[in-house]
Amino acid sequence: MDFIDLSAQQKLIRDKIQKRINEVLTHGQYIMGPEVFELEEKLKSYVGVSHCISCSSGTDALIIPLMAKGIGPGDAVITTSFSYIATAEVIALLGATPIFCDIYPETFNINPDGLEEAYDKAILEGLTPKAIISVDLFGLPARYRLIDEFAKLKKLFLLEDAAQGFGGKIKNSKACTFGDVSSTSFFPAKPLGGYGDGGAIFTNNNELAEKMRSIRVHGGGKDKYDNIRLGLNGRLDTLQAAILIEKLAIFDSELIMRNEIAEIYSSNLSSNYIKPYIPNKYFSSWAQYSIVFNNDEQRDKTILLLNSNKIPSMIYYKIPLHLQKVFNYLGYKIGDFPNSERISNRILSLPMHPYLKKNKQDYIIDTINSLII
Ligand SMILES: Cc1ncc(COP(=O)(O)O)c(C=O)c1O
């Protein structure tokens with residue numbers, strides 16, 4: 001059994017993907033070929049924003065907007081303490097300081113109640129708070145009504161890290177529309193995953209869009225040999241774009257399937273486990289289906305049981321960001337963000353993909369429910 005089965009999807013659309021790849025091999029425009037612009041147009045209208053800028057990874061999709069905003073040494077960027085390293089790494093890479101916030105234990109997303117304290121901490125340290133990076137963890141959008149309110153009040157730039165969130169919604173608004181700029185990842189295991197690295201940036205801001213397009217290719221101006229700012233080699237490959245066009249075409253049907261699978265888990269797993277909480281009018285793209293145990297030992301026992309039954313599982317994330325060695329220099333300690341720390345010790349993600357067969361899912365559920373805890 002696979003944690004994420006990419007081959008089932010490939011079987012379904014392999015001919016179409018092969019055709020798209022062949023077209024790229026025929027025209028030979030491997031860098032910034034027509035498929036890159038076709039994908040950007042399609043993503044832009046899917047999400048419902050004025051600009052989509054494809055790029056080389058979800059990490060570059062975060063660093064490019066921060067560069068466009070000129071964020072650097074002396075600046076503070078507030079973010080969640082429970083995410084993948086890339087969310088905070090991009091802040092530090094630019095010489096700015098990450099200031100962490102705790103999460104809601106129910107949704108694992110940043111708790112906006114902590115924003116004020118983080119803001120004050122930045123001021124106290126002599127930093128200038130410039131931005132918030134919120135994360136739509138495991139596919140569920142963060143609590144944007146409150147985050148946005150705080151960002152506007154303090155004139156902070158809001159960057160939505162929807163690396164895992166593409167396809168999520170709050171009411172009728174799609175993920176990747178909640179930030180001043182929003183970003184996503186096309187890493188293969190993501191809800192909209194390619195066959196390699198890739199990412200995209202979304203915004204309605206014309207000026208920032210122009211800057212970000214320039215940063216994506218070495219800070220180009222009138223042409224690629226006129227360089228007006230520092231930039232990156234941050235382009236999406238034409239081949240990846242060609243593949244993603246076909247994957248986007250079936251994405252909505254896969255979202256429905258992911259939701260059905262999540263529903264089966266939630267209604268059949270024993271009430272001994274805390275199951276994902278989806279707030280009213282929120283929709284998750286179910287990048288992960290994660291349960292939480294009532295104590296640390298239960299998780300260890302469950303992992304052993306799953307392993308002995310050849311059922312894969314993953315811990316996202318074992319170490320919260322504020323306790324990662326790389327951020328020791330920031331001076332955080334155990335106890336600073338109790339929810340992130342407790343969830344790190346008790347969370348477990350189960351196999352989740354649109355093509356998880358009913359008999360396999362029943363096997364996972366029965367195995368977990370058989371554990372006496
Ligand atoms: C929340 C979050 N942000 C950023 C990234 C970075 O994306 P990529 O791996 O495409 O660089 C990831 C990828 O795992 C992620 O989960």
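If you read the sequence from its start, that first residue is 1, and numbering goes on from there. One-based numbering, in listed order, for ligands and for the atoms of each.
The shortest contact between atom 13 (C) of ligand 1 and any protein heavy atom is with Lys190 NZ, 2.9 Å. Of the protein's heavy atoms, Asp161 OD2, 2.7 Å lies nearest to atom 3 (N) of ligand 1. Summary of contacts: the protein heavy atom closest to atom 8 (P) of ligand 1 is Gly58 N, 3.4 Å. Of the protein's heavy atoms, Gln164 NE2, 2.8 Å lies nearest to atom 16 (O) of ligand 1. The nearest protein atom to atom 12 (C) of ligand 1, hydrogens excluded, is given as Tyr84 CD2, 3.4 Å; this is a heavy-atom distance.
Residue Ser185 approaches ligand 1 through these ligand atoms, each under 4.0 Å from one of its heavy atoms: 7 (O), 8 (P), 10 (O). Atoms of ligand 1 found under 4.0 Å from any heavy atom of Ala86 (numbered from 1 in listed order, with element): 4 (C), 5 (C), 6 (C). For ligand 1, the atoms closer than 4.0 angstrom to any heavy atom of Ala163 are 2 (C), 3 (N), 4 (C), 5 (C), 12 (C), 15 (C). Here is the list of ligand 1 atoms found below 4.0 Å of a heavy atom in Ser83: 1 (C). Of all atoms in ligand 1, listed by their number and element, those nearer than 4.0 Å to a heavy atom of Val135 are 1 (C).
By the 30° and 60° cut-offs, the orientation of the rings of Phe100 relative to Phe337 is perpendicular. Note: Tyr316 and Phe3 have tilted aromatic rings, judged against thresholds of 30 and 60 degrees for the angle between ring planes.
Within 6.0 Å of the CG atom in Asp223, the count of heavy atoms belonging to other residues, nucleotides or ligands exceeds 12.
With sequence neighbours left out, Ser214 forms a side chain to side chain donor-acceptor pair (under 3.5 Å) with Arg229.
With respect to Glu246 and Lys16, no salt bridge is recorded, no charged nitrogen being found less than 4.0 Å from a carboxylate O.
Residue contacts with ligand 1 leave out Gly199, since none of its heavy atoms falls under 4.0 Å from the ligand.
A cation-pi geometry, defined here as NZ or CZ lying under 6.0 Å from the six-membered ring centre and within 45° of its normal, does not hold between Lys169 and Tyr282.
Between the side chains of Glu254 and Tyr355, a donor-acceptor pair is found at a separation under 3.5 Å.
The parts of Thr59 lying near ligand 1 are both backbone and side chain, judged by heavy-atom distances below 4.0 Å.
Nearest heavy-atom pair, Leu140 versus Pro279, reported as atom, atom and distance to 0.1 Å: CD2-CD, 4.0 Å.
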